[in-house]
Number of protein chains: 4
Amino acid sequence: MATKAVHPETQRSKLERKEQAILDAARAIFVEHGFDGARMSEIARRAGIGEGTIYSYYESKAELMLAVLQQFWDVLTREAETVMASTKAEGFFDRLRALAGYHLNTVILNADFINLSFALRRNNSEVSVSRDHLRHYVAVFDQLFRRGQDRGELRRDAVLWQARDIFYGSLEYSARSIEMTIGEDRAERQQGPVIDQIVALFEAHYGAVRGAEAADSDDFNRLSLQIDQLDAKFEALAKRLS
Amino acid sequence: MATKAVHPETQRSKLERKEQAILDAARAIFVEHGFDGARMSEIARRAGIGEGTIYSYYESKAELMLAVLQQFWDVLTREAETVMASTKAEGFFDRLRALAGYHLNTVILNADFINLSFALRRNNSEVSVSRDHLRHYVAVFDQLFRRGQDRGELRRDAVLWQARDIFYGSLEYSARSIEMTIGEDRAERQQGPVIDQIVALFEAHYGAVRGAEAADSDDFNRLSLQIDQLDAKFEALAKRLS
Amino acid sequence: MATKAVHPETQRSKLERKEQAILDAARAIFVEHGFDGARMSEIARRAGIGEGTIYSYYESKAELMLAVLQQFWDVLTREAETVMASTKAEGFFDRLRALAGYHLNTVILNADFINLSFALRRNNSEVSVSRDHLRHYVAVFDQLFRRGQDRGELRRDAVLWQARDIFYGSLEYSARSIEMTIGEDRAERQQGPVIDQIVALFEAHYGAVRGAEAADSDDFNRLSLQIDQLDAKFEALAKRLS
Amino acid sequence: MATKAVHPETQRSKLERKEQAILDAARAIFVEHGFDGARMSEIARRAGIGEGTIYSYYESKAELMLAVLQQFWDVLTREAETVMASTKAEGFFDRLRALAGYHLNTVILNADFINLSFALRRNNSEVSVSRDHLRHYVAVFDQLFRRGQDRGELRRDAVLWQARDIFYGSLEYSARSIEMTIGEDRAERQQGPVIDQIVALFEAHYGAVRGAEAADSDDFNRLSLQIDQLDAKFEALAKRLS
DNA sequence: TATGAATGAGCTTTCATTCAT
DNA sequence: CATGAATGAAAGCTCATTCAT
């Protein structure tokens with residue numbers, strides 16, 4: 001009886017293992033040679049299967065690439081969400097630090113593939129990654145940022161997409177610098193200062209005005225408040241329209 | 001005698017014109033189809049010459065690509081230097097604003113080619129751009145930043161490469177967002193807020209701690225920024241309505 | 001006991017049913033896509049069996065094709081013989097009419113397969129139909145013709161193979177014309193005139209020279225033929241009008 | 001000066017020679033292995049050129065096949081017309097004999113290619129010969145036959161397409177028989193009797209009733225005349241409608 | 001015996017590069 | 001130098017056939 005139950009299980013898991021082997025091999029070869037430069041035969045050899053076998057899993061080279069991209073971004077998104085979920089700190093900047101840490105590390109480790117991923121967005125019409133993957137991934141930041149605004153830790157007038165570009169743009173360029181500057185092993189040591197920098201920058205720029213020294217509100221502050229209120233009205237309007 | 005002197009001049013300029021035609025055609029085709037997707041025959045046709053002729057200027061497709069990249073970054077660097085040279089303002093943040101404006105605009109206009117340029121860094125071993133081009137280009141920022149520190153406008157403890165990554169990373173990601181969000185013509189309007197944002201961010205984070213006399217200016221700047229943000233939201237709203 | 005006796009019977013018939021399913025599926029697919037265009041996997045799917053199973057019945061694609069051809073011509077021959085056996089008329093021309101009717105109808109119904117069958121004779125060395133099938137099939141005509149000569153209904157000096165070629169050649173080309181000209185359902189109506197034509201032609205050309213008593217019949221036949229022709233023209237006219 | 005005039009001439013004729021070499025090689029290989037079985041590399045080798053060169057003359061294998069078919073039928077049609085034009089005899093049956101002789105000989109010599117040509121009509125959707133080639137070719141017969149009717153040598157009530165099928169069908173089957181029966185060299189000797197046969201057959205069956213013995217018109221003939229008149233009316237009607 | 005996943009030889013087609021003119 | 005016809009290596013993909021289950 002057990003045999004009967006286990007058998008299909010084994011079959012399926014074997015297929016899944018093979019499929020994953022193909023994906024892994026494909027990713028490695030794609031990263032190494034780019035999409036056009038990668039040869040299906042080499043992917044097959046690396047996956048330890050025959051050339052034709054790939055085509056019973058994926059209809060074409062382009063579709064294989066798509067599957068690799070899909071899985072990559074799915075995993076990334078899930079991990080980022082896990083990191084957020086398992087961060088105990090409640091404050092925005094602590095959580096931002098956690099996210100920045102995860103992202104920077106990930107970008108450094110997967111720099112080549114992320115680069116390839118972006119490159120395909122432009123050139124290759126058939127493999128163009130649906131931007132949804134990326135959008136889904138950065139949604140983690142978006143959620144965190146909005147929550148920070150709701151909690152009063154961040155300025156109400158901050159524009160989300162600008163903050164997002166600053167966050168991810170800075171981190172990605174920093175990742176490249178870290179990669180380039182150093183060999184592989186010391187890369188981690190450099191990440192601390194970069195993250196501190198980014199978080200500090202967000203604190204300085206996007207942090208809500210706090211404490212007494214800011215409280216000696218004069219005309220300027222009143223104006224600022226009025227603008228904030230206007231801003232809130234806008235947001236409400238925008239929401240009603242969408 | 002004049003003839004003898006002029007003739008080679010004409011010859012040379014004719015050759016140079018042809019070479020430039022090849023480079024222009026190559027860049028257009030490379031951008032449109034990527035490196036592997038571009039056909040030498042199409043480049044030749046676009047340049048108005050025979051297929052074989054290209055090979056008397058460049059030894060191979062890879063070398064042609066290299067030449068295109070070379071020229072592109074050289075022009076960019078020279079333009080950036082010109083922008084800096086022709087900016088009359090002496091203060092760091094004003095000059096930074098000028099540089100940011102130039103860079104953002106350039107990145108938006110040449111987004112596809114810059115992307116291709118980066119893509120080749122990884123994938124294609126034979127066309128990998130020597131990083132020197134880029135290093136040369138960002139030297140403009142480096143020089144500006146160091147001068148800011150020397151003049152006492154920036155904190156002495158700021159780490160140059162981190163600041164540089166934040167500057168270029170933020171701008172590049174913002175450029176992508178602007179591109180994606182908007183059609184072509186209104187892109188310029190969006191650039192203002194983004195630049196304000198970046199400059200304000202540098203001011204807040206890297207600006208040397210100053211006395212009370214700067215407070216007024218600070219408040220003004222913050223208000224200005226808030227208004228800019230509102231403006232950006234307006235634009236977005238207007239777009240959604242159209 | 002009954003079980004024991006019946007069981008192998010069932011087994012055998014099951015196998016035979018499966019084999020026939022393969023042959024039927026193969027014929028359909030071969031006709032639809034030609035020999036090279038047909039895929040074994042599609043034949044298997046259509047036969048409702050696994051891909052590999054075909055190979056326990058036929059060693060290769062070529063052999064399967066051969067079996068299909070074999071069966072096809074065997075069935076044709078057997079049917080033609082049955083038609084001859086069940087024709088009560090004794091006179092040559094009546095029997096010829098019966099054979100012509102059967103052949104024309106068969107060729108129309110199996111036009112595509114017969115075409116494929118002929119095509120393979122030339123092209124594909126491994127599937128070349130042994131000409132014996134065909135020879136066996138046309139033997140029905142040969143026998144009939146010789147009997148006609150023996151009975152004194154046909155000229156003694158007629159050359160058998162020439163007559164045979166005229167008979168089958170005319171019918172096959174007529175079948176093509178009928179196919180092309182008309183949709184499917186009305187094809188049968190057109191067959192009458194064609195058969196009349198051929199039979200009349202054999203009568204006029206191969207018929208033994210007879211006495212006056214045949215003259216009446218001859219005239220009748222000619223009138224009948226003329227009317228048939230008119231009928232054919234009617235049909236054509238009717239079609240053009242619809 | 002001569003050089004200038006001759007040079008392009010040479011160029012063009014060289015290209016044309018190469019193109020013809022490709023067509024010849026293609027025809028040979030297609031005949032030998034069928035459309036699917038033929039390899040482009042073998043065609044190239046036989047034409048004495050590189051593999052890729054074919055593709056600067058024909059876009060694909062299918063198009064090459066089409067060109068071969070095109071040329072083949074064009075040549076055949078032109079030759080048949082030439083034969084008809086150079087036949088001095090005016091009588092229908094003499095001219096028919098000339099056409100039959102040409103056709104039979106041609107079919108024997110090109111049997112394999114004609115077979116392939118027919119085979120493609122069914123199977124291969126992309127190479128299906130437009131039936132216009134064939135229609136154009138048989139138009140020679142059609143014209144001849146109609147002229148025979150006009151001249152009163154042939155029955156008015158004869159149906160053209162039936163006569164055509166009998167003519168070409170008989171000849172083609174006869175050609176096959178001749179081929180099969182004999183080696184190559186003696187084939188010609190066999191052609192005489194076959195042609196005599198066919199012409200005699202047309203004379204007996206389609207020849208207009210002549211001479212006095214047919215003139216003792218009785219009721220039958222009157223009926224026949226009436227039918228002929230009916231037929232003429234029909235023809236007029238059909239013409240008015242088209 | 002039946003299955004269908006796996007195989008890999010072999011196909012057409014593309015295109016950077018060469019070279020006779 | 002300029003040309004573009006010719007080249008042929010190389011790649012993606014198909015499918016008859018095999019074989020472990």
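Just so it is clear: chains get the letters A, B, ... in the order the sequence lines come, proteins before strands, and each one is counted from 1.
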Checklist line | Nucleotide nearest Ser60(C) when distance is taken to its side chain, options dG12(F), dT17(F), dT17(E) | finding: dT17(F)
Margin query: If you assign Met40(D) and Gly48(C) each to the DNA chain E nucleotide with the nearest heavy atom, which residue ends up on the more 5' nucleotide?
Written below: Gly48(C)
Item checked: Distance in angstrom units between Met65(C) CE and dA16(F) P, rounded -> 13 Å
Notebook entry, point to check: Under 4.0 angstrom, heavy atoms only, what part of the nucleic acid is Ala44(A) near: base, sugar-phosphate, or nothing?
Noted result: nothing
Next item on the list: Name all residues meeting the side-chain hydrogen bond (donor to acceptor under 3.5 Å, both in side chains) criterion together with Asp74(A); count only those two or more places apart in sequence or in a different chain, and write none if there are none.
Entry: none
Next item on the list: Indicate whether OP1 or OP2 belonging to dC1(F) is found under 4.0 Å from a side-chain N or O atom of Lys18(B).
Entry: no
Note to self: With heavy-atom distances below 4.5 Å as the criterion, would you say the side chains of Glu59(C) and Leu64(C) are in contact?
What the structure shows: no
Next item on the list: Please list, chain by chain and in numerical order, all residues satisfying side chain to side chain contact (heavy atoms under 4.5 Å, CB included) with Ala28(A), sequence neighbours excluded.
Entry: Arg46(A)
Item checked: 5' priority, DNA chain E, between Ala38(B) and Ala38(D) [closest heavy atom] -> Ala38(D)
Item checked: Results of ring pair (Phe, Tyr, Trp, His ring centres under 6.0 Å) for Tyr58(A) - residues two or more places apart only -> none
Checklist line | Contacts of Ser56(C) that satisfy side chain to side chain contact (heavy atoms under 4.5 Å, CB included) - sequence neighbours left out | finding: Thr53(C)
Notebook entry, point to check: In whole angstroms, how far is the P atom of dT14(F) from the CD atom of Glu42(C)?
Noted result: 14 Å
Check: Rounded to the nearest Å, what distance is computed from the CD1 atom of residue Ile29(B) to the C1' atom of nucleotide dC15(E)?
Finding: 15 Å
Note to self: How many whole angstroms separate atom CD of Glu59(D) from atom P of dC15(E)?
What the structure shows: 13 Å
Note to self: Only Watson-Crick and G-U wobble pairs, only distances under 3.5 Å, only runs of 3 or more: what stems does that leave for DNA chain E?
What the structure shows: E:2-21 with F:2-21
Next item on the list: Output yes when a side-chain donor or acceptor of Lys18(A) lies under 3.5 Å from a complementary backbone atom of Ile49(A), and no otherwise.
Entry: no
Notebook entry, point to check: Could you give the CZ-to-C1' distance, from Arg45(C) to dG4(E), as a whole number of Å?
Noted result: 13 Å
Notebook entry, point to check: In whole Å, what is the span from the NE2 atom of His33(B) to the C1' atom of dA16(E)?
Noted result: 16 Å
Next item on the list: Quickly work out the Glu63(C) CD to dA16(F) C1' distance and round it to whole Å.
Entry: 14 Å
Item checked: DNA chain E contacts made by residues 49-58 of chain C, counting heavy atoms under 4.0 Å -> Ile49(C), Gly50(C), Glu51(C), Gly52(C), Thr53(C), Ser56(C), Tyr57(C)
Margin query: Test of understanding: with side-chain hydrogen bond (donor to acceptor under 3.5 Å, both in side chains), list the residues that count as partners of Tyr55(B), not counting sequence neighbours.
Written below: none
Next item on the list: Tell me whether the OP1 or OP2 atom of dC15(F) has a side-chain N or O from Lys61(C) closer than 4.0 Å.
Entry: no
Next item on the list: Report the residues that fulfil salt bridge (charged side-chain N to carboxylate O under 4.0 Å, His left out) with Arg39(B), sequence neighbours left out, ordered by chain and then residue number.
Entry: Glu42(B)
Checklist line | With sequence neighbours excluded, residues passing side-chain hydrogen bond (donor to acceptor under 3.5 Å, both in side chains) with Gln71(C) | finding: Gln20(C)
Notebook entry, point to check: How close or far is atom P of dA11(F) from atom CG of Leu64(A), stated in whole angstroms?
Noted result: 16 Å
